[in-house]
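Just so we're on the same page: letters track the sequence lines, and every chain starts at 1.
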There are 2 protein chains.
Amino acid sequence: MKKTKERAFTCGLDAAIAVMGGKWKGLILFALQDGPLRFGELRRAVAGISERVLILQLREMETTGLLHREVYHQVPPKVEYSLTEFGHSLNTAMASLGEWGEENIERIEAIPWDQVG
Amino acid sequence: MKKTKERAFTCGLDAAIAVMGGKWKGLILFALQDGPLRFGELRRAVAGISERVLILQLREMETTGLLHREVYHQVPPKVEYSLTEFGHSLNTAMASLGEWGEENIERIEAIPWDQVG
DNA sequence: TCGGGTACTCACAAAGATGTAAGTATGGGT
DNA sequence: ACCCATACTTACATCTTTGTGAGTACCCGA
(Lines give C-alpha, C1' and ligand atoms only; values in the text may rest on other atoms or scores of the structure.)
Protein backbone atom coordinates (compact mmCIF):
# COMPACT_ATOMS: atom_id res chain seq x y z
CA MET A 1 0.00 0.00 0.00
CA LYS A 2 1.10 3.46 -0.74
CA LYS A 3 2.21 5.78 1.97
CA THR A 4 1.05 9.18 0.87
CA LYS A 5 0.92 11.99 3.31
CA GLU A 6 -2.62 13.10 2.61
CA ARG A 7 -4.69 10.34 4.08
CA ALA A 8 -8.11 11.52 3.10
CA PHE A 9 -10.17 8.46 2.42
CA THR A 10 -12.92 8.50 -0.12
CA CYS A 11 -15.01 5.93 1.69
CA GLY A 12 -14.95 3.31 4.41
CA LEU A 13 -13.67 0.65 2.08
CA ASP A 14 -10.76 2.85 1.13
CA ALA A 15 -9.91 3.33 4.79
CA ALA A 16 -10.23 -0.35 5.54
CA ILE A 17 -7.96 -1.28 2.66
CA ALA A 18 -5.37 1.19 3.90
CA VAL A 19 -5.30 -0.61 7.24
CA MET A 20 -5.39 -4.23 6.12
CA GLY A 21 -3.73 -3.64 2.79
CA GLY A 22 -1.05 -5.71 1.22
CA LYS A 23 -0.65 -9.38 0.84
CA TRP A 24 0.03 -10.43 4.38
CA LYS A 25 -1.92 -8.48 6.96
CA GLY A 26 -5.12 -10.37 6.42
CA LEU A 27 -3.33 -13.65 6.93
CA ILE A 28 -1.62 -12.41 10.07
CA LEU A 29 -4.93 -11.24 11.46
CA PHE A 30 -6.36 -14.62 10.60
CA ALA A 31 -3.52 -16.47 12.29
CA LEU A 32 -3.95 -14.50 15.49
CA GLN A 33 -7.69 -14.81 15.76
CA ASP A 34 -7.58 -17.73 18.18
CA GLY A 35 -5.13 -16.18 20.59
CA PRO A 36 -1.63 -14.77 20.92
CA LEU A 37 1.30 -16.27 19.10
CA ARG A 38 5.04 -15.89 19.45
CA PHE A 39 7.13 -14.58 16.62
CA GLY A 40 8.34 -17.99 15.56
CA GLU A 41 4.87 -19.46 15.76
CA LEU A 42 3.56 -16.69 13.55
CA ARG A 43 6.28 -17.30 11.02
CA ARG A 44 5.22 -20.91 10.78
CA ALA A 45 1.52 -20.01 10.76
CA VAL A 46 1.87 -17.59 7.86
CA ALA A 47 3.29 -19.90 5.22
CA GLY A 48 5.76 -18.36 2.84
CA ILE A 49 6.47 -15.10 4.60
CA SER A 50 10.06 -14.09 5.25
CA GLU A 51 11.25 -13.00 8.67
CA ARG A 52 11.98 -9.52 7.48
CA VAL A 53 8.58 -8.96 5.92
CA LEU A 54 6.81 -10.48 8.88
CA ILE A 55 8.50 -8.04 11.19
CA LEU A 56 7.69 -5.12 8.95
CA GLN A 57 4.05 -6.13 8.84
CA LEU A 58 3.90 -6.63 12.58
CA ARG A 59 5.40 -3.21 13.19
CA GLU A 60 2.87 -1.59 10.90
CA MET A 61 0.00 -3.38 12.52
CA GLU A 62 1.26 -2.33 15.91
CA THR A 63 1.36 1.28 14.77
CA THR A 64 -2.10 1.11 13.29
CA GLY A 65 -3.35 -0.37 16.54
CA LEU A 66 -4.39 -3.73 15.20
CA LEU A 67 -2.18 -5.71 17.49
CA HIS A 68 -0.32 -5.69 20.74
CA ARG A 69 3.26 -6.72 21.33
CA GLU A 70 4.18 -8.19 24.67
CA VAL A 71 7.83 -8.75 25.52
CA TYR A 72 8.86 -11.29 28.13
CA HIS A 73 12.32 -10.62 29.40
CA GLN A 74 13.67 -14.10 29.32
CA VAL A 75 16.49 -15.94 27.74
CA PRO A 76 15.91 -17.01 25.08
CA PRO A 77 13.63 -14.06 24.41
CA LYS A 78 9.90 -14.44 24.09
CA VAL A 79 7.58 -12.01 22.37
CA GLU A 80 3.88 -12.53 22.01
CA TYR A 81 1.64 -10.84 19.48
CA SER A 82 -2.08 -10.60 20.05
CA LEU A 83 -5.02 -8.82 18.48
CA THR A 84 -6.35 -5.70 20.08
CA GLU A 85 -10.07 -5.04 20.20
CA PHE A 86 -9.58 -3.00 17.05
CA GLY A 87 -7.85 -5.91 15.39
CA HIS A 88 -10.58 -8.29 16.46
CA SER A 89 -13.24 -6.04 15.03
CA LEU A 90 -11.43 -5.90 11.71
CA ASN A 91 -11.07 -9.63 11.72
CA THR A 92 -14.79 -10.00 12.23
CA ALA A 93 -15.45 -7.61 9.37
CA MET A 94 -13.23 -9.67 7.11
CA ALA A 95 -14.88 -12.95 7.93
CA SER A 96 -17.35 -12.70 5.06
CA LEU A 97 -14.53 -11.93 2.67
CA GLY A 98 -12.76 -15.06 3.79
CA GLU A 99 -15.91 -17.10 3.34
CA TRP A 100 -16.37 -15.70 -0.15
CA GLY A 101 -12.83 -16.74 -0.96
CA GLU A 102 -13.40 -20.26 0.26
CA GLU A 103 -16.63 -20.62 -1.62
CA ASN A 104 -14.95 -19.47 -4.82
CA ILE A 105 -11.48 -20.84 -4.33
CA GLU A 106 -11.64 -23.24 -7.24
CA ARG A 107 -12.71 -20.51 -9.60
CA ILE A 108 -10.01 -18.22 -8.26
CA GLU A 109 -7.33 -20.83 -8.65
CA ALA A 110 -8.48 -21.41 -12.22
CA ILE A 111 -7.82 -17.78 -13.13
CA PRO A 112 -4.90 -17.47 -15.58
CA TRP A 113 -2.80 -15.39 -13.21
CA ASP A 114 0.12 -15.18 -15.57
CA GLN A 115 -2.09 -13.26 -17.98
CA VAL A 116 -3.30 -10.87 -15.33
CA GLY A 117 -1.39 -7.64 -15.38
CA MET B 1 -0.28 -7.68 -5.35
CA LYS B 2 2.33 -10.13 -6.29
CA LYS B 3 1.98 -12.22 -9.36
CA THR B 4 3.70 -15.45 -8.57
CA LYS B 5 3.18 -18.45 -10.74
CA GLU B 6 2.25 -20.89 -8.01
CA ARG B 7 -1.17 -19.73 -7.01
CA ALA B 8 -1.80 -22.10 -4.16
CA PHE B 9 -3.81 -20.18 -1.64
CA THR B 10 -3.48 -20.91 2.01
CA CYS B 11 -7.05 -19.96 2.83
CA GLY B 12 -10.10 -18.23 1.47
CA LEU B 13 -8.93 -14.86 2.67
CA ASP B 14 -5.71 -15.29 0.77
CA ALA B 15 -7.64 -16.07 -2.39
CA ALA B 16 -9.98 -13.15 -1.91
CA ILE B 17 -7.09 -10.76 -1.41
CA ALA B 18 -5.48 -12.00 -4.58
CA VAL B 19 -8.61 -11.10 -6.50
CA MET B 20 -9.44 -7.75 -4.97
CA GLY B 21 -5.89 -6.88 -4.08
CA GLY B 22 -4.25 -3.52 -4.47
CA LYS B 23 -5.38 -0.08 -3.72
CA TRP B 24 -8.02 0.42 -6.37
CA LYS B 25 -10.07 -2.67 -7.13
CA GLY B 26 -12.25 -2.35 -4.08
CA LEU B 27 -13.11 1.20 -5.02
CA ILE B 28 -13.87 0.25 -8.61
CA LEU B 29 -16.14 -2.53 -7.42
CA PHE B 30 -17.80 -0.05 -5.13
CA ALA B 31 -18.28 2.50 -7.90
CA LEU B 32 -19.93 -0.05 -10.14
CA GLN B 33 -22.29 -1.51 -7.60
CA ASP B 34 -25.25 0.60 -8.69
CA GLY B 35 -24.95 -0.11 -12.38
CA PRO B 36 -22.65 0.15 -15.38
CA LEU B 37 -20.41 3.12 -15.95
CA ARG B 38 -18.48 4.37 -18.91
CA PHE B 39 -14.74 4.73 -18.77
CA GLY B 40 -14.83 8.46 -18.22
CA GLU B 41 -17.50 8.16 -15.57
CA LEU B 42 -15.42 5.59 -13.74
CA ARG B 43 -12.40 7.84 -13.85
CA ARG B 44 -14.38 10.57 -12.16
CA ALA B 45 -15.99 8.15 -9.73
CA VAL B 46 -12.67 6.77 -8.53
CA ALA B 47 -11.03 9.94 -7.31
CA GLY B 48 -7.32 10.16 -7.76
CA ILE B 49 -6.76 7.29 -10.15
CA SER B 50 -4.84 7.90 -13.37
CA GLU B 51 -6.16 6.77 -16.73
CA ARG B 52 -3.39 4.30 -17.15
CA VAL B 53 -3.84 2.63 -13.81
CA LEU B 54 -7.59 2.56 -14.19
CA ILE B 55 -7.26 0.70 -17.48
CA LEU B 56 -4.80 -1.75 -16.00
CA GLN B 57 -7.13 -2.46 -13.13
CA LEU B 58 -10.12 -2.85 -15.41
CA ARG B 59 -8.23 -5.29 -17.60
CA GLU B 60 -7.24 -7.36 -14.60
CA MET B 61 -10.75 -7.40 -13.27
CA GLU B 62 -12.03 -8.45 -16.65
CA THR B 63 -9.56 -11.32 -16.70
CA THR B 64 -10.45 -12.41 -13.21
CA GLY B 65 -14.09 -12.36 -14.19
CA LEU B 66 -15.19 -9.61 -11.86
CA LEU B 67 -16.50 -7.36 -14.57
CA HIS B 68 -17.81 -7.19 -18.09
CA ARG B 69 -16.77 -4.80 -20.83
CA GLU B 70 -19.29 -3.78 -23.42
CA VAL B 71 -18.15 -1.82 -26.45
CA TYR B 72 -20.60 0.33 -28.41
CA HIS B 73 -19.29 1.02 -31.86
CA GLN B 74 -19.96 4.70 -31.99
CA VAL B 75 -18.03 7.86 -32.57
CA PRO B 76 -16.93 9.09 -30.14
CA PRO B 77 -16.47 5.61 -28.70
CA LYS B 78 -18.50 4.36 -25.77
CA VAL B 79 -17.47 1.54 -23.47
CA GLU B 80 -19.45 0.41 -20.50
CA TYR B 81 -18.14 -1.56 -17.56
CA SER B 82 -20.44 -3.55 -15.34
CA LEU B 83 -20.13 -6.08 -12.57
CA THR B 84 -20.61 -9.73 -13.33
CA GLU B 85 -22.41 -11.99 -10.90
CA PHE B 86 -19.00 -12.92 -9.56
CA GLY B 87 -18.17 -9.27 -9.07
CA HIS B 88 -21.46 -8.62 -7.35
CA SER B 89 -20.90 -11.48 -4.95
CA LEU B 90 -17.48 -10.11 -4.05
CA ASN B 91 -18.95 -6.70 -3.54
CA THR B 92 -21.50 -8.16 -1.17
CA ALA B 93 -18.77 -9.95 0.72
CA MET B 94 -16.85 -6.70 1.10
CA ALA B 95 -19.78 -4.74 2.40
CA SER B 96 -18.99 -5.47 6.03
CA LEU B 97 -15.40 -4.39 5.48
CA GLY B 98 -16.64 -1.11 4.10
CA GLU B 99 -18.93 -0.64 7.06
CA TRP B 100 -16.08 -1.34 9.44
CA GLY B 101 -14.04 1.30 7.68
CA GLU B 102 -16.78 3.86 7.97
CA GLU B 103 -17.36 3.13 11.61
CA ASN B 104 -13.67 3.53 12.33
CA ILE B 105 -12.73 6.17 9.82
CA GLU B 106 -11.81 8.79 12.38
CA ARG B 107 -9.51 6.41 14.15
CA ILE B 108 -7.97 5.33 10.88
CA GLU B 109 -7.40 8.90 9.75
CA ALA B 110 -5.73 9.62 13.08
CA ILE B 111 -3.12 6.93 12.49
CA PRO B 112 0.35 8.47 11.98
CA TRP B 113 0.71 7.10 8.48
CA ASP B 114 4.07 8.69 7.92
CA GLN B 115 5.44 6.54 10.74
CA VAL B 116 3.96 3.36 9.35
CA GLY B 117 6.49 1.37 7.39
C1' DT C 1 34.95 -21.72 25.65
C1' DC C 2 31.31 -23.19 22.59
C1' DG C 3 27.02 -24.14 20.70
C1' DG C 4 21.88 -23.51 21.11
C1' DG C 5 17.60 -21.07 20.82
C1' DT C 6 14.85 -16.73 20.00
C1' DA C 7 13.83 -12.51 18.01
C1' DC C 8 15.29 -9.65 15.65
C1' DT C 9 18.51 -6.14 12.41
C1' DC C 10 21.12 -4.87 8.28
C1' DA C 11 22.71 -4.37 3.50
C1' DC C 12 21.44 -5.27 -0.72
C1' DA C 13 18.51 -6.51 -4.68
C1' DA C 14 14.57 -7.48 -7.39
C1' DA C 15 9.84 -7.29 -8.39
C1' DG C 16 5.71 -4.98 -8.63
C1' DA C 17 2.58 -1.01 -8.46
C1' DT C 18 1.70 3.63 -9.50
C1' DG C 19 2.26 8.08 -11.71
C1' DT C 20 3.04 11.68 -15.66
C1' DA C 21 2.78 13.34 -19.95
C1' DA C 22 2.26 12.75 -24.48
C1' DG C 23 0.31 10.50 -28.55
C1' DT C 24 -3.35 7.54 -31.39
C1' DA C 25 -7.86 6.58 -33.76
C1' DT C 26 -12.43 7.73 -35.11
C1' DG C 27 -16.01 10.52 -37.58
C1' DG C 28 -19.16 14.31 -36.99
C1' DG C 29 -19.78 19.29 -36.61
C1' DT C 30 -18.10 24.12 -37.92
C1' DA D 1 -9.21 21.75 -43.16
C1' DC D 2 -9.63 21.76 -38.25
C1' DC D 3 -11.23 20.88 -33.75
C1' DC D 4 -13.85 18.11 -30.48
C1' DA D 5 -14.80 14.19 -27.49
C1' DT D 6 -13.85 9.47 -25.97
C1' DA D 7 -11.21 5.65 -24.88
C1' DC D 8 -7.48 4.20 -24.92
C1' DT D 9 -1.87 3.35 -25.77
C1' DT D 10 3.00 4.21 -25.23
C1' DA D 11 7.33 5.46 -23.19
C1' DC D 12 9.34 6.60 -19.30
C1' DA D 13 10.22 7.54 -14.35
C1' DT D 14 9.54 6.64 -9.61
C1' DC D 15 7.84 4.75 -5.46
C1' DT D 16 6.59 0.82 -2.62
C1' DT D 17 6.71 -3.83 -1.46
C1' DT D 18 8.78 -8.05 -1.09
C1' DG D 19 12.69 -11.11 -0.93
C1' DT D 20 17.59 -13.19 0.33
C1' DG D 21 21.11 -14.06 3.16
C1' DA D 22 23.96 -12.93 6.61
C1' DG D 23 24.85 -11.09 11.15
C1' DT D 24 23.62 -9.47 16.21
C1' DA D 25 22.49 -9.85 21.30
C1' DC D 26 21.28 -12.39 25.10
C1' DC D 27 22.17 -16.00 28.79
C1' DC D 28 22.34 -20.81 29.87
C1' DG D 29 24.08 -25.36 30.07
C1' DA D 30 27.62 -28.68 28.62
Side-chain angles (χ1 to χ4, degrees), chain A residues 1-7 14 17-28 36-64 67-82 113-117, chain B residues 1-7 14 17-28 36-64 67-82 113-117:
Chain A
M1 294 298 93
K2 241 193 92 190
K3 310 267 171 37
T4 42
K5 302 309 169 192
E6 1 79 53
R7 275 293 178 173
D14 194 14
I17 289 175
V19 171
M20 55 79 57
K23 185 181 165 186
W24 299 111
K25 295 203 188 68
L27 299 174
I28 294 171
L37 289 179
R38 304 180 54 171
F39 179 80
E41 293 172 325
L42 258 178
R43 189 182 9 149
R44 284 184 288 277
V46 183
I49 198 170
S50 68
E51 289 196 345
R52 177 184 138 75
V53 173
L54 178 55
I55 289 178
L56 290 176
Q57 301 294 308
L58 292 173
R59 294 270 185 275
E60 282 188 35
M61 293 167 75
E62 216 189 324
T63 304
T64 56
L67 50 81
H68 173 72
R69 179 169 177 266
E70 185 79 37
V71 181
Y72 296 84
H73 292 286
Q74 308 174 352
V75 170
K78 172 178 173 180
V79 180
E80 268 190 356
Y81 294 90
S82 57
W113 287 104
D114 49 343
Q115 293 174 32
V116 178
Chain B
M1 294 294 92
K2 241 192 89 192
K3 310 266 171 38
T4 43
K5 301 311 167 190
E6 1 79 51
R7 276 291 178 173
D14 194 13
I17 289 174
V19 171
M20 55 79 58
K23 184 182 168 187
W24 299 111
K25 296 204 187 68
L27 298 176
I28 293 171
L37 289 179
R38 302 180 55 172
F39 179 79
E41 293 172 326
L42 257 178
R43 190 184 5 152
R44 285 185 287 277
V46 182
I49 198 168
S50 68
E51 290 195 343
R52 177 185 138 76
V53 172
L54 177 54
I55 290 178
L56 289 176
Q57 301 294 308
L58 291 173
R59 293 271 184 276
E60 283 188 35
M61 293 166 76
E62 216 188 325
T63 303
T64 56
L67 51 81
H68 173 70
R69 179 170 176 266
E70 185 79 37
V71 181
Y72 296 84
H73 292 287
Q74 308 173 351
V75 170
K78 173 178 175 182
V79 181
E80 269 190 357
Y81 294 90
S82 57
W113 288 103
D114 50 342
Q115 293 174 33
V116 178

Is the phosphate of [N] approached by [X] (side-chain N or O, under 4.0 Å from OP1 or OP2)?
{"X": "A:W113", "N": "C:dG16", "value": "no"}
{"X": "B:Q57", "N": "C:dT18", "value": "yes"}
{"X": "A:Y81", "N": "C:dC8", "value": "yes"}
{"X": "B:K23", "N": "C:dG19", "value": "yes"}

Donor-acceptor pairs under 3.5 angstrom involving side-chain atoms of residues 69-79 of chain A: please list them, not counting sequence neighbours.
| from | atom 1 | to | atom 2 | distance (Å) |
| --- | --- | --- | --- | --- |
| A:R69 | NE | A:Y81 | OH | 3.4 |
| A:E70 | OE1 | A:H68 | NE2 | 2.8 |
| A:Y72 | OH | A:E80 | OE1 | 3.4 |

Separation of [X] atom [atom1] from [N] atom [atom2], in whole Å?
{"X": "A:L56", "N": "C:dA7", "atom1": "CG", "atom2": "P", "answer": "17 Å"}
{"X": "A:I55", "N": "C:dT6", "atom1": "CD1", "atom2": "P", "answer": "15 Å"}
{"X": "B:Y72", "N": "C:dT26", "atom1": "OH", "atom2": "C1'", "answer": "19 Å"}
{"X": "B:H73", "N": "D:dA7", "atom1": "NE2", "atom2": "P", "answer": "14 Å"}
{"X": "B:D114", "N": "D:dC15", "atom1": "CG", "atom2": "P", "answer": "17 Å"}
{"X": "B:L37", "N": "D:dC8", "atom1": "CG", "atom2": "P", "answer": "13 Å"}
{"X": "A:E62", "N": "C:dC8", "atom1": "CD", "atom2": "P", "answer": "9 Å"}
{"X": "A:E80", "N": "C:dC8", "atom1": "CD", "atom2": "C1'", "answer": "17 Å"}

Working to the nearest 0.5 Å, report the span between [atom1] of [X] and [atom2] of [Y].
{"X": "B:L58", "Y": "B:R43", "atom1": "CG", "atom2": "CZ", "value": "11.5 Å"}
{"X": "A:D14", "Y": "B:L27", "atom1": "CG", "atom2": "CG", "value": "4.5 Å"}
{"X": "B:L56", "Y": "B:E51", "atom1": "CG", "atom2": "CD", "value": "11.5 Å"}
{"X": "A:W113", "Y": "B:T64", "atom1": "CH2", "atom2": "OG1", "value": "6.0 Å"}
{"X": "A:R44", "Y": "A:I49", "atom1": "CZ", "atom2": "CD1", "value": "14.0 Å"}

Study note, to complete from the structure: Under a 4.0 Å heavy-atom cutoff, the residues of residues 38-48 of chain B touching DNA chain D are B:R38, B:F39, B:G40
Practice item. For residues B:I17 and A:G22, report the shortest heavy-atom separation together with the two atoms involved. Key: CG2-O, 3.8 Å
Between N or O atoms, less than 3.5 Å apart, protein on one side and nucleotides 20-30 of chain D on the other: list the pairs.
none

Exercise for review: Taking the side chain as every heavy atom from C-beta outward, state whether A:W24 and A:L54 have any pair of such atoms under 4.5 Å apart.
Suggested key: no
Check your understanding: Under 3.5 Å, side chain of A:E41 to main-chain N/O of A:R38, donor-acceptor pair present?
Key -> yes
